[in-house]
Structure formats: C-alpha cells, structure tokens
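To start, the structure under review is shown below, and the notes come after it.
Just so you know, these numbers come straight off a predicted model, no measurement behind them. Position 1 is the first residue of the sequence; numbering continues from there.
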Amino acid sequence: MGAALQVTAFGLALLSTLFLLLATCTDCWMVNADDSLEVSHKCRGLWRECVTNMQDGVRTCDQYDSILAEHPVKIVVTRTLMITADLLAGLALATLLLGLDCITFLREDPCVKLKMCFGAGVTLGAGSILGLTGSLWYAVDVYVERAMLVSHNVFLGVHYDFGWSCWLGMAGSSGCFVASVLLTCCLY
C-alpha cells in the first residue's frame, strides 16, 4: 500500500511540476476576450506579449525590455512566486525520487527513506502554495483591472481574460498540493 501511494504521489508530483514549469515559461497568462470578429489573437505572459494573425497563423512576439526594468507589480510578483514554486517542486521531486521504496538508494534504512518522502511532501506543499498564490494573484489582478475599466465606463476595444497558462499554473499547483497531502498525511 505504501509503495503504491508513493508511486502515485510521484506521478502526480511529476505531472504537476511539468505543469508549473510550462505555466512559467509560456506566454498566454492573459488572452483577449473580445467577442467581435478579430483578425488577431493577443496573449500576454510573464516574459513577452504575442499576437497571432488568425488569417495566416503568423505569430509575432515582443519580449519585455529587461528582467530588471520596471514592470507592473503583478508580473514581478507572479514571476518571483512561480520561479520559486518551480525550484521547490523540482527539489521535492528529486528528493521524492530518492526516497521511493522501489529505488535502491538507502534501501537498508527505510526510516530515512520515509523521512525523505515526508520532507519532499513538505517542500512540495510549500511550492504548491507559492505557485497557487502567484497564479491567483495574477488572475485576481486581471479581474480587478477589467472591473475597474467597466466601472469607469472605459472601453478600449479589447478586454482580457485568464489565459491557459494561468489555468495551467493553478492546475499544477493544485496537483502539487494533492501530492503533498498524500506524502505527508496518508503515507503514515
């Protein structure tokens, strides 16, 4: 039972860590949600803004100036939280891999392997909280920005909605949290 639970938690942690990494690297955190007939599809991300021409499929991306340049707070905070979550999830994944019962590393000391799994669960939980905070921070800021424009009767021709990268970050963080619960609470 314990080995099956470890392998399940490892599979979920691996998939969720990949989701977190993809969410951090991709550029569709915010998409245009205009219902009119658009000739282009706009995506804004943490690192660049891309426009795809819907007629011929040509995609053009503009990189943000510099990592050290002044950016909106939502981008800086989300970048920081997501990168930290990626690092913690990667560290937890490596620790969990070494702590699995089916791996021959430290096979003669099962108590240490169990502590490694527990430590990986705690680290994975911390990473999941940071990733979920970053994703939700960005999503709430997009919603507040849109609500402010609507409340002031400002129409800019295009309004943005949550993109698939934001949803991917939330899904990855939630999966890491479930894997953390499996490793810290259910393993014993």
Side-chain angles (χ1 to χ4, degrees), residues 2-30 43-48 63-64 66-69 71-107 109-143 162-188:
L5 189 62
Q6 285 179 348
V7 171
T8 302
F10 177 76
L12 184 59
L14 178 65
L15 183 66
S16 301
T17 301
L18 289 176
F19 281 1
L20 277 175
L21 287 169
L22 279 173
T24 304
C25 297
T26 54
D27 55 5
C28 228
W29 282 74
M30 239 172 33
C43 282
R44 287 186 184 171
L46 302 178
W47 311 102
R48 61 183 169 247
Q63 299 279 9
Y64 295 146
S66 166
I67 293 176
L68 300 176
H71 295 290
V73 173
K74 73 177 172 187
I75 289 179
V76 174
V77 169
T78 305
R79 279 180 183 175
T80 305
L81 290 171
M82 292 304 290
I83 290 171
T84 308
D86 292 342
L87 292 173
L88 286 174
L91 176 67
L93 202 59
T95 306
L96 178 59
L97 182 64
L98 295 175
L100 292 175
D101 286 339
C102 57
I103 303 296
T104 59
F105 180 73
L106 291 175
R107 186 177 291 272
D109 200 356
C111 185
V112 171
K113 288 181 85 70
L114 192 61
K115 287 179 183 178
M116 288 176 76
C117 286
F118 183 79
V122 170
T123 307
L124 205 56
S128 72
I129 290 170
L130 292 176
L132 196 59
T133 303
S135 299
L136 288 175
W137 171 282
Y138 196 92
V140 166
D141 199 60
V142 169
Y143 177 77
F162 314 133
W164 59 270
S165 296
C166 189
W167 291 111
L168 199 60
M170 288 183 206
S173 299
S174 300
C176 284
F177 185 76
V178 170
S180 171
V181 168
L182 287 176
L183 290 170
T184 56
C185 299
C186 301
L187 196 58
Y188 295 100

**Report entry** Rounded distance [0.5 Å steps], CG in L93 versus CG in L98
**Finding:** 10.0 Å
Query raised in the report: Rounded to the nearest 0.5 Å, what separation is found between the CD1 atom of I75 and the OG1 atom of T80?
Result: 11.5 Å
Report task. Assess whether atom CZ of F177 is packed by more than 12 heavy atoms of other residues, nucleotides or ligands within 6.0 Å. Result -> no
Query raised in the report: CH2/W137 to CG/L130 distance, rounded to the nearest 0.5 angstrom?
Result: 13.5 Å
Query - Side chains of S165 and D27 in contact at under 4.5 Å (non-hydrogen atoms) - result: no
Query - Non-hydrogen side-chain atoms of T184 and F118 separated by less than 4.5 Å - result: yes
Query raised in the report: In Å, rounded to the nearest 0.5 Å, how long is the span from CG of L21 to CG of L87?
Result: 9.0 Å
Report summary line: Heavy-atom closest pair (S128 atom, S173 atom, distance to 0.1 Å) is CB-O, 3.2 Å
Query raised in the report: Rounded to the nearest 0.5 Å, what separation is found between the CZ atom of R79 and the CG atom of L46?
Result: 6.5 Å
Query raised in the report: Quick one: are Q6 and K113 in side-chain contact, heavy atoms under 4.5 Å?
Result: no
Report task. Find out whether W29 and V142 are in side-chain contact, i.e. whether some heavy atom of one side chain is under 4.5 Å from a heavy atom of the other. Result -> no
**Report entry** Beyond-backbone contact of V178 with L12, side-chain heavy atoms, under 4.5 angstrom
**Finding:** yes
Requested in this report: Compare every heavy atom of G127 with every heavy atom of A85, then report the nearest pair and how far apart it is.
Outcome: CB-O, 3.2 Å
Query raised in the report: Considering only heavy atoms from C-beta outward, does the side chain of F10 approach that of L97 to under 4.5 Å?
Result: yes
Query raised in the report: Passes side chain to side chain contact (heavy atoms under 4.5 Å, CB included), Y143 versus F162? Steps please.
Result: CA-CA 8 Å; Y143 177 77; F162 314 133; 4.3 Å; yes
Query raised in the report: Taking side chain as C-beta onward, heavy atoms only, is C117 less than 4.5 Å from L96?
Result: yes
Query - The single option from V77, T78, T84, I83 passing side chain to side chain contact (heavy atoms under 4.5 Å, CB included) against L81 - result: V77
Query raised in the report: When rounded to the nearest 0.5 angstrom, what is the spacing between SG in C166 and CZ in R44?
Result: 14.5 Å
